[in-house]
Protein chains: 2
Amino acid sequence: MDEFSLIEKIRKGFPIPEDITGIGDDCAIIPQHDGFETLISTDMLVEGSHFILDEISPFQLGWKSAAVNFSDIAAMGGKPEGSFLALALPSKIRNSWIDDFMDGYRTISMKYGIPLLGGDTTSSPDRLTICVTVMGKAGIGKAKRRSTAKADDLICVTGCLGDSAGGLAVVLKGYERHSDEEYLVEKHYLPEPRIEEGMILAGYEGVHAMMDISDGIGSDIRHIMEESGVGAIIDTCALPHSPQLVRMCSRHGLNVKDLSLEGGEDYELLFTVDPAVERTLEVKHYVIGRITSDSRLEWKGSDKDYMGFRHF
Amino acid sequence: MDEFSLIEKIRKGFPIPEDITGIGDDCAIIPQHDGFETLISTDMLVEGSHFILDEISPFQLGWKSAAVNFSDIAAMGGKPEGSFLALALPSKIRNSWIDDFMDGYRTISMKYGIPLLGGDTTSSPDRLTICVTVMGKAGIGKAKRRSTAKADDLICVTGCLGDSAGGLAVVLKGYERHSDEEYLVEKHYLPEPRIEEGMILAGYEGVHAMMDISDGIGSDIRHIMEESGVGAIIDTCALPHSPQLVRMCSRHGLNVKDLSLEGGEDYELLFTVDPAVERTLEVKHYVIGRITSDSRLEWKGSDKDYMGFRHF
């Protein structure tokens with residue numbers, strides 16, 4: 001059973017109240033009585049599956065643990081309001097390591113004004129495991145979902161794709177680190193959640209569906225298609241790439257399109273928008289494709305099919 | 001650094017808004033604008049630290065993962081409103097195991113009417129890891145904290161102590177299972193959160209401090225003492241014990257007081273109450289001690305000091 005079949009199976013087994021949006025989007029949406037909706041998302045990171053202790057500094061890991069969760073709130077256009085951190089610590093983890101980890105977690109939390117409100121600390125026999133839960137809010141009916149894309153919408157992203165995958169390639173292949181490589185590694189380890197951009201985009205009724213890019217466009221666009229019952233054409237020639245990624249790829253013979261479609265963790269926002277509204281958006285973005293009324297996925301400018309990153 | 005020093009250190013490093021109660025209680029308390037407070041709690045369970053896969057059935061583990069988190073909301077007198085389940089699954093976990101786990105999680109969730117609203121599923125290199133987050137609500141100012149015990153309060157519990165520790169002893173020592181042993185093992189693996197009792201107790205202004213018994217009275221009463229700046233006398237002769245526990249202990253030469261003070265996971269509520277109000281409580285409870293104005297902890301009827309269970 002793959003990750004998405006499992007989620008679908010769990011979703012079917014757990015009926016939820018009609019006014020709540022539950023399993024299957026970036027966050028659960030729980031309407032409150034004060035004109036707001038509470039958004040909640042949770043993410044688990046396990047040593048050996050999601051990170052290698054020797055390859056990521058404790059500061060970076062603390063930052064990234066928070067960032068990927070803040071990004072889930074940004075993905076719906078919400079404002080993150082507080083986080084909860086559960087840590088299972090093996091005995092090999094030293095106090096100074098924990099201090100540096102918390103420093104990274106604190107730095108990004110303070111940058112975006114998001115307090116740490118609680119959590120859990122416990123022991124682990126061997127692997128460090130981190131589970132972060134973030135809550136946020138959006139105005140009633142304002143949170144953007146995956147399920148609301150419409151045929152003829154333009155598909156857009158808020159920034160360059162593939163930098164994080166490029167940074168991971170630098171780490172895994174041990175490339176010599178010039179300034180381009182350093183830039184990409186930083187993009188991989190210290191991603192910035194698009195909170196401000198998400199909140200602005202949530203203000204446009206013509207922005208229909210939205211999510212963050214965590215598993216790569218190849219995987220993520222399929223979620224919007226499945227949840228919305230639509231198809232998509234991605235123009236692989238229109239994908240925005242940083243000059244650093246392009247130079248690194250050409251230096252090492254890597255394919256920039258593969259990195260940006262198969263690789264995940266860019267944490268840019270992926271959204272669909274009415275073409276008439278797209279021209280009025282006051283957020284930097286790139287148009288990379290179009291939603292169609294059938295259920296097919298077409299990669300224009302490429303004869304490959306891209307699947308994105310899969311967790312199982 | 002032990003668990004509680006670490007939590008204290010994290011608490012100092014993360015300033016939180018004045019109206020929010022954060023790190024250091026069973027749940028964070030976030031005031032909303034509609035007359036309610038949102039309560040949130042998160043708990044991580046790691047294979048090998050918190051459970052042994054061969055010793056607990058998937059149904060029991062699913063039940064217990066939810067129960068211990070529902071209990072954190074009950075501990076403050078809140079009403080649990082939804083849960084979030086993050087699972088890191090190693091490849092040794094079969095689909096049928098996941099089905100049975102989800103069945104246990106679903107059974108207790110439906111028993112208490114608490115929907116599963118979201119979560120995360122991901123892979124783990126070897127150990128199954130579970131992180132559950134529960135949100136709930138209480139009326140503004142109604143949630144009971146650890147920090148509000150007053151001198152001369154009576155210390156009470158909602159039910160028998162030591163059953164869970166007794167059940168664990170049966171499992172670990174491999175005792176032959178008669179009906180008493182089965183009863184205790186079930187108390188260990190299928191605990192009932194005291195949600196109804198907590199909500200009723202939250203309705204009494206004279207109930208001052210409250211928490212659930214997760215690490216054992218020996219540890220838990222110290223949290224109330226430290227957070228409230230008070231002392232306590234526990235009358236170890238007044239501890240309520242089930243007949244099943246007493247019979248099992250006498251059969252196997254175990255000390256019933258040790259089990260009920262050192263062992264955790266009873267998930268009964270521990271609360272302090274004005275003596276005049278105690279007589280009016282419409283919740284079954286046992287008086288086991290008294291809050292004092294100094295900072296000492298006295299075990300009446302015993303010459304031992306009890307520490308409860310520690311996670312590090």
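Below, each value reflects all heavy atoms present in this structure, side chains not excepted, and no hydrogens, waters or symmetry copies. Chain naming here is simple, since letters A, B, ... match the order of the sequence lines and numbering starts at 1 in each.
For B/I93, no part sits under 4.5 Å from any heavy atom of chain A, backbone or side chain. For a residue to count as touching a neighbouring chain, one of its non-hydrogen atoms must lie under 4.5 Å from one of that chain's; by this rule A/I114 does not touch chain B. Only the side chain of A/T38 comes within less than 4.5 Å of a heavy atom of chain B; its backbone N, CA, C and O stay farther away. Residue contact with chain A, scored on non-hydrogen atoms closer than 4.5 Å, involves the backbone of B/E47 exclusively. Only the side chain of A/R127 has a heavy atom closer than 4.5 Å to any heavy atom of chain B.
A/V46 and B/S124 make their closest contact through CG1-OG, 4.0 Å (heavy atoms, listed as atom of the first residue, atom of the second, distance). Of all heavy-atom pairs spanning B/S123 and A/S49, the tightest one is O-OG, 3.0 Å.
Atom SG in B/C131 sits 11.5 Å away from atom CD1 in A/I130 (nearest 0.5 Å). Atom NE2 in B/H50 sits 2.5 Å away from atom OG1 in A/T122 (nearest 0.5 Å). One distance of note links CG of A/L85 with OG1 of B/T42; it measures 9.0 Å at 0.5 Å rounding.
Using a 4.5 Å cut-off between non-hydrogen atoms, the part of residues 132-141 of chain A that approaches chain B consists of A/T133, A/M135, A/K137.
The list of salt bridge (Lys or Arg N to Asp or Glu O under 4.0 Å) pairs with a residue in residues 59-71 of chain B, not counting sequence neighbours, reads B/K64-B/E265. Every pair passing ring pair (Phe, Tyr, Trp, His ring centres under 6.0 Å) that includes a residue from residues 101-141 of chain B is listed here, sequence neighbours excluded: B/W97-B/F101.
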Practice prompt. Let me see the working for B/I40 and A/I40 under side-chain contact (heavy atoms from CB on, under 4.5 Å), right down to the final yes or no.
Written response: CA-CA 11 Å; B/I40 299 199; A/I40 299 200; 4.0 Å; yes
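With sequence neighbours excluded, the residues forming a side chain to side chain contact (heavy atoms under 4.5 Å, CB included) with A/E55 are A/I52, A/V171, A/L172, A/Y189, listed by chain and number.
Each of B/Q32, B/R106, B/M102 has some count of heavy-atom pairs under 4.5 Å with chain A, and the biggest count is that of B/R106. In terms of heavy-atom pairs under 4.5 Å with chain A, the best-connected choice from B/A86, B/P115, B/P125 is B/P125.
Exactly one residue among B/N69, B/D72, B/L45, B/D43 makes a side-chain contact (heavy atoms from CB on, under 4.5 Å) with A/D120. That residue is B/D43.
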